[in-house]
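Okay, structure first, notes after.
In what follows, chains carry the letters A, B, and so on, assigned in the order in which the sequence lines appear, proteins first and then strands, with residues in each chain numbered from 1. The figures that follow rest on heavy atoms only: side chains count, while hydrogens, waters and symmetry mates do not.
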Protein chains: 2
Amino acid sequence: MNAPAPRRTRIQQEKRELILEAALEVFSTHGFRGSTIDQIAEAAGMSKPNLLYYFRRKEEIHETLIQRLLDTWLAPLRELDDVGDPLTELRSYIRRKLEMARDYPRESRLFANEILQGAPRIMPLLEGELKSLVEEKVAIIKGWMRAGKIVRTDPRHLIFSIWATTQHYADFDVQVRAVLGPDLGGDGRFEDAARFLEQLFLDGLKPKASAD
Amino acid sequence: MNAPAPRRTRIQQEKRELILEAALEVFSTHGFRGSTIDQIAEAAGMSKPNLLYYFRRKEEIHETLIQRLLDTWLAPLRELDDVGDPLTELRSYIRRKLEMARDYPRESRLFANEILQGAPRIMPLLEGELKSLVEEKVAIIKGWMRAGKIVRTDPRHLIFSIWATTQHYADFDVQVRAVLGPDLGGDGRFEDAARFLEQLFLDGLKPKASAD
DNA sequence: CTAACGTTTGTCCATCCGGTCAAAAATTTG
DNA sequence: CAAATTTTTGACCGGATGGACAAACGTTAG
C-alpha cells in the first residue's frame, strides 16, 4: 500500500524528526492553515528553504504527523480485550486514554483540529480502520453485557463517552485550567479526573439505596 | 463596560445579521485563520468591500460572533438551580446541552476552535465569568452531595464530563457519523446518545447487585 | 429636481506565504 | 587533498489575502 520508505542519511533522519517535533507544536495550536512554514522552520531552528529540503510541501509534514499519530492514538483501544474482568478492562482503558491526554496533548489537539474541520484528510480512515476497530470492540462489550458483567447500554456511545471525557483534558486544557484555577488546576488535575471518571463510569451519580 | 451600541439602519441590521450567519458557517469549519473574507462575503452573497463596509475588520466579525455565542452557550448551566430534584435537574441539564450540540453545532465548533488554539480572545472571560458561574453551580452540587441526593464526587469534573460528552456530538460529529455508519448515524443518533448519557450519569456501568 | 446620505463595487496596494533556484558551505568519499 | 555528494542559505516569484479608497449607484427628504 505504501511506497517503500526511501533511504535516508543519519542527518536526514534527525532533521526530519526535529521538524516533525516542531510542526506538531505549531500545527496543534494553530491548525493546518493557521500555521506557516516559517513558524515551523523557526521552531525547528532552521531556515525555510532548509526545511523544504527535508519535506517538499507543507502538507507532507502534516500527513506524516497524522499518520504517526493514528497508530499511537488507537493503541489503547486495540489493547481492550476480553481476557480480564470487564470492569477492570474498561477502567484501564479509561486510565490509558487519560494518560495519553496528559502525555500527548499536542497529538490530541492535532487530531481534534483535523476532525473539527471535517476530517478532510482522514475521512477514509475513520470509515475504514477506525470503524472496524470499533465494531470489533463493540462485539466484545456486547458479550460482557450478555454475560451480565456490565449494564446493558449502547456500546458505541459508551466508547464515544470515554473518548470525549478523556480527550477533553487535552483539547480543552486551557478551559479546564481556567475553571479549576491555580489551586486545583495544577498537576493534580489528572488524578482528580481519573478518580472522578472511574466513579462516574462504574457507579454513576445516583446514590446507592443500600450502602455498599 | 461596553461602548453603547451604535445606531444602525434597518439595512445595516439585516446585512450584519446575514454576514454573521455566513461567517459562523465559515469560521466554524475552517477556523479563524483558515477563513477568508472573500469566502464569508461570497457565502453572504456580497462583495468583499461591501462586507467590509459593515465590519471593518475580519476580527470584528469573529469577536461579535464569539460574544453572542457565549451568552447562549452558558444559558443551560445558568438554568441549573436547586429548586427541583437533583437528579432530575442534572438530567435536564445534560439534555439541554445535548440539544444545543444538535441544534447549534456550528457555535459549538466555533467555541472548540477558540479553546483549542489556547483561547487567545476569551481567556479573561474563562477565568472570570465562566469560572465564577461554575463555582456558583459547584456550591449547589455540593449541597446535593451533603444532602445525600447524589453521590459524593468531584463537582467540577462532573461539569467537565457533561460538557465533554455532549459537545462531542457537535465537535466530533464527522467521526461519530463515520463510526456509527449510515444505519446508526442518522438523525436518531442524538436520541441514542441521550438515552446512553442518562444511563451513564445516573447508574454507571456496574450492574446492580440486586435487580431494580 | 436635487442635495444629502447610505450602499455597493472596481481597483489597487502591501504583506504574507508556499514554494523554487542557484550558489555557497559543509560533509563524505576515494 | 580533491572530487563528489549532501546540506544550508539568500534571493526571488507568483498567488492569495486583508484592507483602503474613491467613484458610482441608490434612496430618501426637502
Q: Using atom CE of A/M46 as one end and atom C1' of D/dT9 as the other, report the distance to the nearest whole Å.
A: 13 Å
(Q) From the set C/dT8, C/dG19, C/dT7, return the single nucleotide nearest to any side-chain atom of B/K15. (A) C/dT8
**Q.** C/dT7 OP1/OP2 closer than 4.0 Å to side-chain N/O of B/Q12
**A.** yes
(Q) Between B/R189 and A/D154, does any side-chain N to carboxylate O distance fall below 4.0 Å? (A) no
Q.
Side chain of B/P49 only, heavy atoms from C-beta on: which candidate in D/dT17, C/dG6, C/dG10 is closest?
A. C/dG10
**Q.** Candidate nucleotides C/dG10, D/dT7, D/dG19, ranked by approach to the side chain of B/I37 - the nearest
**A.** D/dG19
Q) Taking NZ from A/K48 and C1' from D/dG10, how many angstroms apart are they, rounded to a whole number? A) 12 Å
Q) Are A/R33 and C/dC16 close enough that a side-chain N or O sits under 4.0 Å from OP1 or OP2? A) no
Q: Rounded off to whole Å, could you give me the CG-to-C1' distance for the B/L51 and D/dT17 pair?
A: 14 Å
Q) Ion pair present between A/R106 and A/E21, side-chain N to carboxylate O less than 4.0 angstrom? A) yes
Q | Expected output: side-chain A/E191 to main-chain A/G188 donor-acceptor under 3.5 Å | A | no
Q.
Of the listed nucleotides (C/dT20, D/dG19, D/dT8), which one gets closest to any side-chain atom of A/L52?
A. C/dT20
Q: For A/H30 and C/dG18, give me the distance from atom NE2 to atom P, rounded to whole Å.
A: 13 Å
Q: Look at A/K48 together with A/E42 and state whether they make a salt bridge at an N to O cut-off of under 4.0 Å.
A: no
Q.
Using only modelled atom types and a 3.5 angstrom limit, is any donor from either the side chain of B/K58 or the base of D/dG19 paired with an acceptor on the other?
A. no
Q | Nearest to side-chain heavy atoms of A/R57, which nucleotide of D/dT9, C/dT20, C/dG6 | A | C/dT20
Q. Can you tell me if the side-chain N/O atoms of B/Y53 get under 4.0 Å from OP1 or OP2 in C/dT8?
A. no
Q | The single option from A/E59, A/Q67, A/E63 passing side chain to side chain donor-acceptor pair (under 3.5 Å) against A/R121 | A | A/E59
**Q.** For atom OH of B/Y54 and atom P of C/dG6, their distance in whole Å
**A.** 12 Å
**Q.** Rounded distance (Å) that lies between atom P of D/dT27 and atom CD of B/E14
**A.** 14 Å
Q. B/D38 has an atom CG; how far is it from atom C1' of D/dG15, in whole Å?
A. 13 Å
Q) To the nearest Å, how far apart are A/N50 CG and D/dA11 P? A) 16 Å
